[in-house]
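Presented below is the structure to which this report refers.
Bear in mind the structure is a predicted one, so any value in this text is a computation, not a measurement.
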Amino acid sequence: MNNSVKLLIENNLKKALQEAKNSGLVSWEDLPPVFISQPKREEWGDLSTNLPFLLSEKWDLSTSEIAQILIASLQKEDFLSRVEFAPPGFINLFISPNYLHQTLENILTQKEGFTRFSYGEGRRVQVEFVSANPTGPLHVGHGRAAAVGDSLANILSKAGYQVQKEYYVNDVGGQIERLSRSVWARLEELEGRKVSFPEDGYKGDYIIQIAKEAKDGLRDKLPASCKSSQKTLKLLADFTIRKILDKIKEDLTRFGVKYDSWVTESGFHKGNQVSEVISSLKDKGFVYEKGGALWFKTSEFFKTEEDRVLRRKSGEYTYFASDIAYHQDKFRRGLNWVIDVWGADHIGYVPRLKAAIQALGYPGDSLRVIIYQLVTLKRGEKRISASTRKGEFVPLSQVLDEVGKEAARFFFLSRTCDSHLDFDLELAKKQTPENPVFYVQYAHARISSILNKAKNKGTKMPPLSKVKLDLLVAPEERKLMRELCLLPDIIKEVGESLEPHRLTVWLQSVATIFHQFYTLHQVIGQDEDLSSARLLLVKAVQICLRDVLNLLGISAPEKM
RNA sequence: GCGCCUGUAGCUCAAUUGGAUAGAGCAACGGACUUCGGAUCCGUGAGUUGGGGGUUCGACUCCUCUCAGGCGCGCCA
């Protein structure tokens, strides 16, 4: 269940420190946090620790004296074949062949369980992502949110969390009114009447399409006159939102994203939860009245922030107010941890929501907001601005048509959320054949092909215990085993740092080593023992490739 | 003006969260197929990590100043 080699080393280092203390070599009390990293050069080992540096600051001993103490203890462990002091203060660790062979066996018997952890301890976490306003189709930027949010959910569930994916629908407010007036105007045009299109309306062609559908779909309910009443607009709003949400769901499905729940903002107004949460904030003393409006004391939590309006002079609640009700509802549903994935254009909104949550009595870190930088669209040198209002945007569906789900997801997931990214449609299309995702998928398909061939030739795999894994001595074979051995730790770290892009880096490096192995070494047709060992190795590689690809929502094809 | 993010090879990006000689892909050039899939492999060139200063055994990473770009700063959502 826990295949972390770093944890194994860490425990041994702690044991070594304890032994040193017991035998009176040192008198130091606290154990420092142990950092184990993967060195850049092969001769520096499979893993290394800088513990001598850290300890020599606290103890009156040199790094080499400390290293000797630790090394003496570590050398006794049989999962390590070599332990060396590397001046000025590193200890380099070499994983033993036995342990690498054990890793292969673990992969084959545990399958995707090889990378599973239990540190989430069944705690309930929710990932809320995309949550685009139902005023238009999803665009490329939403694709980034979808890829990140969906993968994070997969990864956290590997870590032992109980994960829920949610989409929040902002179906009230001024934008919805603008939306329905836009459809109304298009409807009037269809009837041949002259209308001036609302200045602030939604100008995209999809509005015209929806108007056409409304004309048929709402035929009996729409008034014949050209006067737009509140009732008509409400009717149109409901119709339009439903149509747009259908399209959004369709795009998300194509992108491989499935939600556990869809929650509407209007629901919190209807259930009076918005007014309730505000009176409870008022009771706690975080709300005051000024200029006819109700204000929340953001400044009490963050000095640089200004107080924000909860209820307008007009008596209407702000988006902020209903969002507080929404987040309270999340915690009331029993969630221990809430992750929101937002675009950088919402950065300023983070402190006030965090403040509100703390005001309600929830710990500040029970909400984690992941901000991803916006996607800049380009077509060659030409920049395309993304505005749903003006109807100038590249819809996600078009990206899926042109580039495909696999490449799009891989692309979005191969950069950190902090980096702005240029999405060049020309390049994305052109790159398709040499896209990194195909390189990785090809490695997987190649393995499938080898395994099929072996099967067709009637090659029988001996029982696991009979396979002579010590025949795997080529550098490429060892490198592959090492990468597999380190995978659980990488997945663990990704679950903690919430940085899924590190998995695309791992995929590419393993695919590279596999392709090198493939060109240098024949799997089938070797001496029987060697063939068996290599078959087992590539099978393990395949399991891990598929596991990681699945975490990222990318398919692992048998053929391409 | 204030807050957040970014600046790394010609281009797009990594860099194990402060580690050792900063790495990949694309593009360019030169090689490798009668054997399991050439969507592959091998090699070559390409860098003052925007710039200055600081912190320490050690800095792309932290602090500070500065330049450039993006986003935000509504009784919009």
Seminar exercise, completed: Rounded to whole Å, OH of A/Y439 lies from P of B/rC13 at a distance of 21 Å

Exercise. Got a sec, which residues hit side chain to side chain contact (heavy atoms under 4.5 Å, CB included) with A/Y518, two or more places apart in sequence or on another chain?
Worked result: A/R446, A/I450, A/F514

Exercise. For atom C1', what is the distance between B/rC71 and B/rA27, given to the nearest Å?
Worked result: 31 Å

For this session: Among A/T504, A/V140, A/V148, find the one that has a side chain to side chain contact (heavy atoms under 4.5 Å, CB included) with A/F412.
Result: A/V140

Exercise. What residues, two or more places apart in sequence or in another chain, satisfy side chain to side chain contact (heavy atoms under 4.5 Å, CB included) together with A/T304?
Worked result: none

For this session: Decide, yes or no, whether a salt bridge links A/E496 with A/K492 under the criterion of side-chain N to carboxylate O below 4.0 Å.
Result: yes

Exercise. For atom C1', what is the distance between B/rG30 and B/rC67, given to the nearest Å?
Worked result: 41 Å

Exercise. Base, sugar-phosphate, or nothing: which does A/N456 touch, judged by heavy atoms less than 4.0 Å apart?
Worked result: nothing

Exercise. Going by the angle between their ring planes, with limits at 30° and 60°, are A/Y326 and A/F268 parallel, tilted or perpendicular?
Worked result: tilted

Seminar exercise, completed: Heavy-atom nearest nucleotide on RNA chain B taken for A/E43 and for A/I371; more 5' hit belongs to A/I371

For this session: Considering only atom C1', compute the distance from B/rC5 to B/rG19 and round it to an integer number of Å.
Result: 26 Å

Exercise. So what does A/S497 touch, heavy atoms closer than 4.0 Å: a base, only the sugar-phosphate, or nothing?
Worked result: base

Problem set entry | Same-atom distance (C1') from B/rU16 to B/rC76, integer angstrom | 42 Å

For this session: Scan A/V505 against the nucleic acid and name what it touches under 4.0 Å (heavy atoms): base, sugar-phosphate only, or nothing.
Result: sugar-phosphate

Exercise. How many Å lie between CZ on A/F438 and C1' on B/rC26, as a whole number?
Worked result: 15 Å

For this session: Figure out the CZ/C1' separation between A/R415 and B/rA15, and round it to whole Å.
Result: 15 Å

Seminar exercise, completed: For B/rG18, the nucleotide meeting Watson-Crick or G-U wobble distances (both under 3.5 Å) is none

Seminar exercise, completed: Result for side chain to side chain contact (heavy atoms under 4.5 Å, CB included) between A/I447 and one of A/L535, A/V541, A/L537 points to A/V541

Problem set entry | Identified pairing partner of B/rA28, criterion: Watson-Crick or G-U wobble below 3.5 Å | B/rU44

Problem set entry | Spacing between A/L421 atom CG and B/rG7 atom P, to the nearest angstrom | 13 Å

Exercise. Does A/T416 put a side-chain nitrogen or oxygen below 4.0 Å from OP1 or OP2 of B/rA14?
Worked result: yes

Exercise. When all nucleic acid strands are considered with a 4.0 Å heavy-atom cut-off, which category describes A/L486: base, sugar-phosphate, or nothing?
Worked result: nothing

For this session: Among residues two or more places apart or on two chains, list those pairs meeting side chain to side chain donor-acceptor pair (under 3.5 Å) that have a residue in residues 342-354 of chain A.
Result: A/D323-A/Y349

Problem set entry | Pair A/R242 + A/D238, salt bridge at N-O below 4.0 Å | no

Side-chain donor-acceptor pairs under 3.5 Å in residues 454-462 of chain A, sequence neighbours left out?
residue: A/N456; atom: ND2; partner: A/N452; partner atom: O; Å: 3.4
residue: A/T459; atom: OG1; partner: A/A454; partner atom: O; Å: 3.0

For this session: Round to a whole Å and report the spacing from NE2 of A/H501 to C1' of B/rU16.
Result: 10 Å

Seminar exercise, completed: When both distances are under 3.5 Å in a Watson-Crick or G-U wobble arrangement, the nucleotide paired with B/rU55 is none

Problem set entry | A/F410 CZ - B/rA14 C1' separation (whole Å) | 12 Å

Problem set entry | side chain to side chain contact (heavy atoms under 4.5 Å, CB included) involving A/E65 - partner list, sequence neighbours excluded | A/L61, A/S62

Exercise. Taking atom P of B/rC36 as reference, at what distance in whole Å does atom CD of A/Q526 sit?
Worked result: 13 Å

Exercise. If you take atom types as modelled and just measure distance, does the side chain of A/R41 reach the base of B/rU21 with a donor-acceptor pair under 3.5 Å?
Worked result: yes

Problem set entry | Euclidean distance for P, B/rA59 against B/rA22 (whole angstrom) | 12 Å

For this session: Assign each of A/A86 and A/H521 to its nearest nucleotide of RNA chain B by heavy atoms, then name whichever residue's nucleotide is nearer the 5' end.
Result: A/A86

Exercise. How is A/A454 classified with respect to the nucleic acid when contacts are heavy atoms under 4.0 Å: base, sugar-phosphate, or nothing?
Worked result: nothing

Problem set entry | Verdict with reasoning, A/F85 to A/T63, per side-chain contact (heavy atoms from CB on, under 4.5 Å) | CA-CA 9 Å; A/F85 173 59; A/T63 53; 3.9 Å; yes

Seminar exercise, completed: When both distances are under 3.5 Å in a Watson-Crick or G-U wobble arrangement, the nucleotide paired with B/rC33 is none

Exercise. Taking only residues two or more places apart in sequence, or in another chain, which ones meet A/N170 in a side chain to side chain contact (heavy atoms under 4.5 Å, CB included)?
Worked result: A/N133, A/Y168, A/Q175, A/E265, A/Y319

Exercise. Has A/S419 got a side-chain N or O lying under 4.0 Å from the OP1 or OP2 atom of B/rA14?
Worked result: yes

For this session: Anything under 30° is parallel, anything over 60° is perpendicular, the rest tilted; go ahead and classify A/F320 against A/F296.
Result: perpendicular

Problem set entry | From A/S37 atom OG to A/K6 atom NZ, the distance as rounded to the nearest 0.5 Å | 7.0 Å

For this session: For the residue pair A/E476 and A/H521, confirm or rule out a side-chain donor-acceptor distance under 3.5 Å.
Result: yes

Problem set entry | Partner nucleotide of B/rC71 by Watson-Crick or wobble geometry (both distances under 3.5 Å) | B/rG3

Exercise. Using atom C1' of each nucleotide, how far apart are B/rU55 and B/rC73 to the nearest Å?
Worked result: 33 Å

Problem set entry | salt bridge (Lys or Arg N to Asp or Glu O under 4.0 Å) contacts in which one or both residues fall within residues 43-53 of chain A, not counting sequence neighbours | A/R41-A/E43, A/D46-A/R478, A/D46-A/R482

Exercise. Quantified in whole Å, what is the P atom distance between nucleotide B/rG23 and nucleotide B/rU44?
Worked result: 14 Å

Exercise. Can you tell me how far P in B/rU48 sits from the matching atom in B/rC11, rounded to whole Å?
Worked result: 13 Å

Exercise. Which nucleotides of nucleotides 70-77 of chain B have their base under 4.0 Å from a protein heavy atom (B), which only their sugar-phosphate (S), and which neither (-), written as one string 5' to 3'?
Worked result: BSS-SBSB

Exercise. Which residue pairs pass the salt bridge (Lys or Arg N to Asp or Glu O under 4.0 Å) test with at least one member in residues 287-301 of chain A, sequence neighbours excluded?
Worked result: none

Atom pairs under 3.5 Å: protein N/O with N/O of nucleotides 58-62 of chain B:
none

Problem set entry | Distance, rounded to the nearest Å, where A/I370 contributes CD1 and B/rC5 contributes C1' | 15 Å

Which pairs, protein N/O on one side and nucleotides 42-48 of chain B N/O on the other, fall under 3.5 Å?
residue: B/rC42; atom: OP1; partner: A/Q516; partner atom: NE2; Å: 2.5

Problem set entry | Positions of residues 442-450 of chain A (non-hydrogen atom under 4.0 Å from RNA chain B), listed by number | A/Y442, A/A445, A/R446, A/S449, A/I450

